[in-house]
Amino acid sequence: IIPRRERFLRRLSIFLLSVYTKKSIAQKAYYVDITKTTNGDGSFANPWNNVLSGMFGTPQPDTADVILYFRQGTYYLTSDTTLYIGQNKSGLNGHYFILKAYPGEQVTFDGSRLTTDYSYMASIAGASNIRMQGLIFAQLKNLTAYGVYISGSGTNIDIRSCTFRN
């Protein structure tokens with residue numbers, strides 16, 4: 001016979017493990033914060049400090065959604081630094097690759113430095129299950145191409161609560 005305290009602790013452990021497991025399966029979160037002076041590992045405590053590290057450092061969403069949170073600030077895009085989402089970021093098994101402003105913070109992608117022909121702020125090239133949420137795309141007037149360029153056979157592309165302005 002197992003004493004009552006041990007049964008309680010065992011049930012509590014199983015419950016906490018199931019909650020943790022469900023949360024870890026539900027999403028994988030990574031962070032970019034341009035105010036940091038050193039480039040981190042993408043964790044909340046040690047975020048990447050540039051767009052490219054965030055875009056290339058995140059895994060493909062195959063067993064869970066992958067969310068790339070951008071922290072408060074203005075991210076200046078150039079022809080070498082855009083939001084490129086290729087097939088290797090396609091969400092698999094119903095999961096999504098999500099670019100999102102951190103809750104309660106304002107994130108602006110500024111296109112004023114995109115001066116070459118056919119420059120774009122974001123390109124979704126043949127990727128599926130992609131979501132952009134709560135982002136501001138600003139300074140579109142100098143673009144010679146598109147704010148968000150979608151090409152290839154991608155499906156389920158969701159641009160949610162984003163703002164486009166000059």
Side-chain angles (χ1 to χ4, degrees), residues 23-62 64-92 94-116 118-152 154-166:
K23 184 173 182 180
S24 65
I25 290 173
Q27 67 183 21
K28 297 175 185 174
Y30 300 89
Y31 303 85
V32 176
D33 186 345
I34 57 170
T35 66
K36 301 299 180 188
T37 55
T38 58
N39 202 19
D41 60 8
S43 65
F44 181 80
N46 195 20
W48 290 304
N49 69 353
N50 64 75
V51 171
L52 289 179
S53 291
M55 295 305 295
F56 290 106
T58 51
Q60 184 171 28
D62 54 1
D65 289 350
V66 171
I67 301 176
L68 180 57
Y69 285 107
F70 290 91
R71 300 301 309 265
Q72 175 118 7
T74 300
Y75 294 74
Y76 291 92
L77 301 177
T78 67
S79 59
D80 296 329
T81 306
T82 60
L83 301 171
Y84 178 78
I85 304 167
Q87 288 180 330
N88 65 331
K89 297 296 184 207
S90 274
L92 304 175
H95 298 290
Y96 275 79
F97 180 63
I98 302 167
L99 302 178
K100 190 174 184 179
Y102 189 76
E105 296 184 358
Q106 184 172 320
V107 174
T108 301
F109 290 103
D110 185 300
S112 63
R113 297 180 184 168
L114 289 167
T115 57
T116 60
Y118 305 107
S119 56
Y120 51 80
M121 297 179 84
S123 174
I124 302 170
S128 296
N129 295 350
I130 306 298
R131 180 176 297 138
M132 293 191 293
Q133 186 171 351
L135 305 172
I136 298 170
F137 294 88
Q139 301 299 331
L140 305 173
K141 64 184 173 184
N142 292 331
L143 295 182
T144 60
Y146 309 98
V148 177
Y149 180 61
I150 301 170
S151 63
T155 59
N156 297 328
I157 297 169
D158 182 9
I159 300 174
R160 183 180 294 186
S161 302
C162 291
T163 303
F164 294 84
R165 69 174 191 224
N166 248 355

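Please read all numbers here as calculations on a predicted model, not as lab measurements. Index from 1, following the sequence.
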Open item on the list: Testing the 3.5 Å rule here: is there a donor-acceptor pair between the side chains of S112 and D110?
Closed with: yes

Open item on the list: Testing the basics here: between Q72 and E105, what is the closest heavy-atom pair and its distance to 0.1 Å?
Closed with: N-OE1, 2.7 Å

Task: Residues which pass side-chain contact (heavy atoms from CB on, under 4.5 Å) with S79, listed by chain and number, not counting sequence neighbours - done: T116

Task: Exercise: identify the closest heavy-atom pair between P61 and S90 - done: CD-O, 3.7 Å

- [ ] Can you sort out the partners of D62 under side chain to side chain donor-acceptor pair (under 3.5 Å), two or more places apart, ordered by chain and number?
- [x] none

When the side chains of residues 120-132 are checked against the rest of the protein, which donor-acceptor pairs come out under 3.5 Å, sequence neighbours left out?
{"residue": "S128", "atom": "OG", "partner": "T155", "partner atom": "N", "Å": "3.0"}
{"residue": "S128", "atom": "OG", "partner": "T155", "partner atom": "OG1", "Å": "3.3"}
{"residue": "N129", "atom": "OD1", "partner": "N156", "partner atom": "ND2", "Å": "2.9"}
{"residue": "N129", "atom": "ND2", "partner": "G91", "partner atom": "O", "Å": "3.2"}
{"residue": "N129", "atom": "ND2", "partner": "H95", "partner atom": "O", "Å": "3.2"}
{"residue": "R131", "atom": "NE", "partner": "D158", "partner atom": "OD2", "Å": "3.0"}

- [ ] To the nearest 0.5 Å, tell me how far T74 OG1 sits from F109 CZ.
- [x] 10.0 Å

Open item on the list: Quick check: closest heavy atoms across R71 and V107, and the distance to 0.1 Å?
Closed with: O-CG2, 3.5 Å

Task: Over all atoms of both residues, closest heavy-atom pair of V32 and V51 - done: CG1-N, 4.4 Å

TODO: Identify the heavy atoms of M55 and L68 that sit nearest to each other, and give their distance.
DONE: SD-CD2, 3.9 Å

- [ ] Could you check whether the rings of Y31 and F44 sit parallel, tilted or perpendicular, using 30° and 60° as the cut-offs?
- [x] perpendicular

Open item on the list: Students often mix this up, so state it plainly: with edges at 30° and 60°, are the rings of Y69 and Y102 parallel, tilted or perpendicular?
Closed with: perpendicular

Task: S43 and D41 side chains, donor-acceptor separation under 3.5 Å - done: yes

